Amino acid sequence: VETYDVVVIGAGPGGYVAAIRAAQNGLNVACIEKNPELGGTCLNVGCIPSKSLLQSSELYAHMRDHGADHGINADLKIDFSQMMGRKERVVSTFNQGIKGLFRKNKVTTIAGHAQFIDPHTLQVGDQHVSARHIIIATGSEPTPLPFLPFDEQKIISSTGALALSAVPESLIVVGAGVIGVELGSVYARLGAKVHFIEFMDRICPTLDTQISKEFQKILEKQGLTFDLSTKVTAGEVTDSGVELTVEKEGSAGSLTANIALIAVGRRPFVDGLALDKAQITLNAQKQIPVNPSFQTAQPHIFAIGDVIDGPMLAHKASDEGVAVADLIAGKTPHINYAAIPNVVYTYPEVASVGLTEQEAKEMGLPIKTGLFSLKANSRAGCMGETDGLVKLIAHEATHHLLGMHIIAPHAGELIHEGVMALQTRSTVHTMATASHAHPTLAEAIKEAAHAIFEKPIHI
Ligand code: FAD
Ligand code: NAD
């Protein structure tokens, strides 16, 4: 039996980061991964391949739709297999990168599927591995519709959508959440007719309502179409594609397309882990329950990332990975869950941090909001990209920032001004008086801050 200070199960952004940090803390660490490559969902079939395809398709759509306005006339052609090949090369560069980091930090990689045989011992193939501390970071998997299992040909999950061999003529996306709008955008830009079926009365329902409505209008201008408050009740695969039966306001209808992307959420993954051998039971959401120190029912077994409660985000998993490795090493880390940013990498991007207007009102907080449209931002004008806005939410009495919501090019970068403001408990006056370079998109944040208790200059 090989014995380690720390064994991490899963090499996603939760697990591989925990392993590196634990090794940096001077501990003897192994990381068990069943997939041939390191990096988990995020690197292999999530964040990175999707952002690679978003980048390529955005470049194409920009040249096609705006090139002539800039005085650039080009004859554009899509080489889809080159685009997919580039995506694979981006992924594999980072796969090698994590391998290198493991070598540099002396983290032992154990290839294979881990399963508990007792609370201190794991079996991987015919090898037994034991550890003083075990970190479960086994992540999540796409949730299928119960009556329509994935075949990854015509009924696809995000994994299938990242591996198509050609751009389909038509794509139905079930679920207008973040995966749906990101991957739907990719194929719409490349020429597919993309139609969404969403259960709720708005897209990306966890966003601030005003932002969600504005976002939908922008996507509609790009040709995406939406059926909201609509339920899929049945579906079948046909010769030419798929046929879905849908129900809207009590009346049934049917929709056909070449492919259906099912993007209705992800669920924690613990298959084959034999958690019962460690006397760990799942909660009603099928997550591994943990205390604020990420300890499961067994104090020496921790769990982090998508397999526990909280937003299913790579940076949340990584922050927890660092925190748990530091806890094991006797440090006192802290994660500010109220300041975890959320980014939708469409064009323009949608980013948010902190409370939505609805959440603040439900909490009974006295609030004031400030809005600033990109139409009055000079950099956005130079870019020719004036769809979007910045919305800030402040506490009416203390003037502290409570939430920031942005639709803009590079919103995913801009949002970190809000993250830092929340982290340092800044007031919106601090944000309004801090110098912002001209001309930048970030000036829209300063103007929105002015708009709360005074007036913006440029409107
Ligand atoms: P995972 O990344 O799922 O890693 C778990 C690992 O554990 C896997 O490698 C798995 O093979 C391994 N494993 C499981 N069980 C065992 C076992 N018994 N033995 C050995 N190994 C095991 N998040 C963002 O923040 N930004 C984004 O832009 C973003 N884009 C996304 C796009 C898509 C299409 C998808 C699907 C997800 C996206 N996410 C994004 C979410 C992000 O990928 C996840 O939140 C993140 O990967 C969770 O990290 P994790 O370490 O908890 O789990
Ligand atoms: P999601 O929760 O973001 O969206 C699912 C959508 O499907 C919701 O709008 C929901 O109302 C709808 N829905 C649920 N059941 C339905 C049904 N039966 N019929 C029609 N609509 C239905 O989930 P997702 O888009 O699958 O993404 C999964 C996870 O991956 C998310 O939690 C997200 O955090 C993560 N992710 C993050 C990013 C990012 O940060 N940019 C990108 C992709 C994925």
Side-chain angles (χ1 to χ4, degrees), residues 8-18 31-51 53-54 110-116 122-124 135-143 145-148 157-159 161-162 173-184 196-207 212 227-233 244 246-247 261-275 303-308 310-318 320-321 340-346 349-351 412:
V8 184
I9 310 173
Y16 88 75
V17 168
C31 183
I32 308 171
E33 173 55 58
K34 67 179 172 64
N35 190 44
E37 296 295 343
L38 305 176
T41 303
C42 175
L43 174 51
N44 295 293
V45 290
C47 326
I48 302 303
S50 62
K51 265 81 264 181
L53 292 182
L54 278 157
I110 301 175
H113 184 112
Q115 85 176 73
F116 281 96
L122 294 156
Q123 179 163 1
V124 187
I135 303 171
I136 303 173
T138 50
S140 62
E141 62 175 355
T143 310
L145 289 174
F147 48 83
L148 205 58
S157 69
S158 51
T159 304
L162 293 166
V173 183
V174 182
V178 57
I179 289 184
V181 298
E182 286 187 356
L183 294 175
F196 288 82
I197 303 169
E198 167 60 49
F199 192 66
M200 304 287 280
D201 62 359
R202 56 181 198 269
I203 69 165
C204 296
T206 54
L207 289 176
S212 159
D227 264 322
L228 302 180
S229 306
T230 305
K231 213 162 78 180
V232 179
T233 53
L244 303 184
V246 296
E247 203 180 290
L261 164 60
I262 313 300
V264 297
R266 293 177 61 82
R267 59 186 183 193
F269 180 82
V270 294
D271 290 3
L273 199 54
L275 282 174
I304 57 169
D306 280 8
V307 80
I308 68 168
M312 289 183 161
L313 296 172
H315 42 291
K316 179 260 193 190
S318 295
E320 291 177 343
I340 296 180
N342 213 307
V343 181
V344 189
Y345 297 83
T346 45
E349 293 177 351
V350 183

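In listed order, ligands and their atoms are each counted from 1. Quick caveat, the model's predicted, so the values are computed rather than measured.
- Closest to atom 5 (C) of ligand 1, if we only count protein heavy atoms, is Ala137 O, 3.3 Å.
- Those atoms of ligand 2 with a heavy atom of Leu145 less than 4.0 angstrom away are 18 (N).
- Taking distance alone, with nitrogen or oxygen atoms compared against 3.5 Å, Val343 approaches ligand 2 more closely than that limit.
- Interface of Ile197 with ligand 2, defined as ligand atoms under 4.0 Å from a residue heavy atom, comprises 20 (C), 21 (N).
- Atom 51 (O) of ligand 1 has Gly14 N, 2.8 Å as its closest protein atom, hydrogens excluded (heavy atom only).
- Among protein heavy atoms, atom 4 (O) of ligand 1 sits closest to Gly12 CA, 3.5 Å.
- At least one heavy atom of Ser140 sits closer than 4.0 Å to an atom of ligand 1.
- Counting heavy atoms under 4.0 Å from ligand 1, residue Gln115 does not touch it at all.
- The distance criterion of under 3.5 Å between nitrogen or oxygen atoms is met by Lys51 with respect to ligand 1.
- Summary of contacts: the protein heavy atom closest to atom 3 (O) of ligand 1 is Thr41 OG1, 2.6 Å.
- The Ser158 neighbourhood of ligand 1 comprises atoms 34 (C), 36 (C), with distances under 4.0 Å to a heavy atom of that residue.
- When only interatomic distances are considered, the shortest N/O to N/O separation between Met312 and ligand 1 falls below 3.5 Å.
- Listed by number with element, the atoms of ligand 2 under 4.0 Å from a non-hydrogen atom of Leu313 are 34 (O), 40 (O).
- Using a 4.0 Å cut-off to heavy atoms of Met200, the atoms of ligand 2 that qualify are 11 (O).
- When Gly46, Pro36, Cys42 are checked for heavy-atom proximity to atom 43 (O) of ligand 1, Cys42 turns out nearest.
- An N or O contact shorter than 3.5 Å links Glu33 to ligand 1 by distance.
- Counting protein heavy atoms only, atom 5 (C) of ligand 2 is closest to Ala263 O, 3.5 Å.
- Close contacts of ligand 2 with Val174, meaning ligand atoms under 4.0 Å from a residue heavy atom, involve 19 (N), 20 (C).
- Here's the thing with Gly265: one of its N/O atoms is less than 3.5 angstrom from an N/O atom of ligand 2.
- When hydrogens are left out, the protein atom nearest atom 46 (C) of ligand 1 is Pro13 CG, 3.7 Å; that is the closest non-hydrogen contact.
- In this structure, Pro49 has no heavy atom closer than 4.0 Å to ligand 1.
- With hydrogens left out, the protein atom closest to atom 45 (O) of ligand 1 is Asp306 OD1, 2.9 Å, a heavy atom.
- Between Phe199 and ligand 2, at least one N/O pair is under 3.5 Å apart.
- Residue contacts with ligand 2 for Lys231 are absent, since no atom lies close enough (heavy atoms, distance under 4.0 Å).
- Note: no N/O pair closer than 3.5 Å links Arg266 and ligand 2 by distance alone.
- At a 4.0 Å heavy-atom cut-off, ligand 1 touches Leu313 through backbone and side chain alike.
- In this structure, Val178 has a heavy atom closer than 4.0 Å to ligand 2.
- The residue from Glu320, Arg266, Lys316 that puts a heavy atom closest to atom 36 (C) of ligand 1 is Arg266.
- Distance check: Ile179 CD1 to Cys204 SG gives 11.0 Å after rounding to the nearest 0.5 Å.
- Of all the atoms in ligand 1, the ones that sit under 4.0 Å from a non-hydrogen atom of Phe269 are 14 (C), 15 (N).
- Those atoms of ligand 2 that come under 4.0 Å of a heavy atom in Tyr345, given as number and element, are 41 (N).
- Expressed to the nearest 0.5 Å, how far CD of Glu320 lies from CD1 of Ile308 amounts to 4.0 Å.
- To the nearest 0.5 Å, atoms NZ (Lys231) and CG (Leu145) are separated by 12.0 Å.
- Polar contact with ligand 1: absent for Gly305 (N/O pair, distance under 3.5 Å).
- The atoms of ligand 2 that sit less than 4.0 Å from any heavy atom of Met312 are 32 (O), 33 (C), 34 (O), 35 (C).
- The part of Val45 lying near ligand 1 is the backbone, judged by heavy-atom distances below 4.0 Å.
- Atoms of ligand 1 lying under 4.0 Å from at least one heavy atom of Ala317, given by number and element, are 49 (O), 52 (O).
- For Thr143, the heavy-atom gap to ligand 2 stays at 4.0 angstrom or more.
- Summary of contacts: the protein heavy atom closest to atom 18 (N) of ligand 1 is Ala114 O, 3.1 Å.
- Taking distance alone, with nitrogen or oxygen atoms compared against 3.5 Å, Tyr345 stays at or beyond that limit from ligand 1.
- Between Ile179 and ligand 2, at least one pair of N/O atoms sits closer than 3.5 Å.
- Closest protein heavy atom to atom 16 (C) of ligand 1: Thr138 CG2, 3.7 Å.
- Contact annotation: Pro311 has no heavy atom less than 4.0 Å from any atom of ligand 2.
- Note that CG of Leu53 is 11.5 Å distant from CD1 of Ile48, once rounded to the nearest 0.5 Å.
- Contact annotation for Val307 and ligand 1: no heavy atom of the residue comes within less than 4.0 Å of the ligand.
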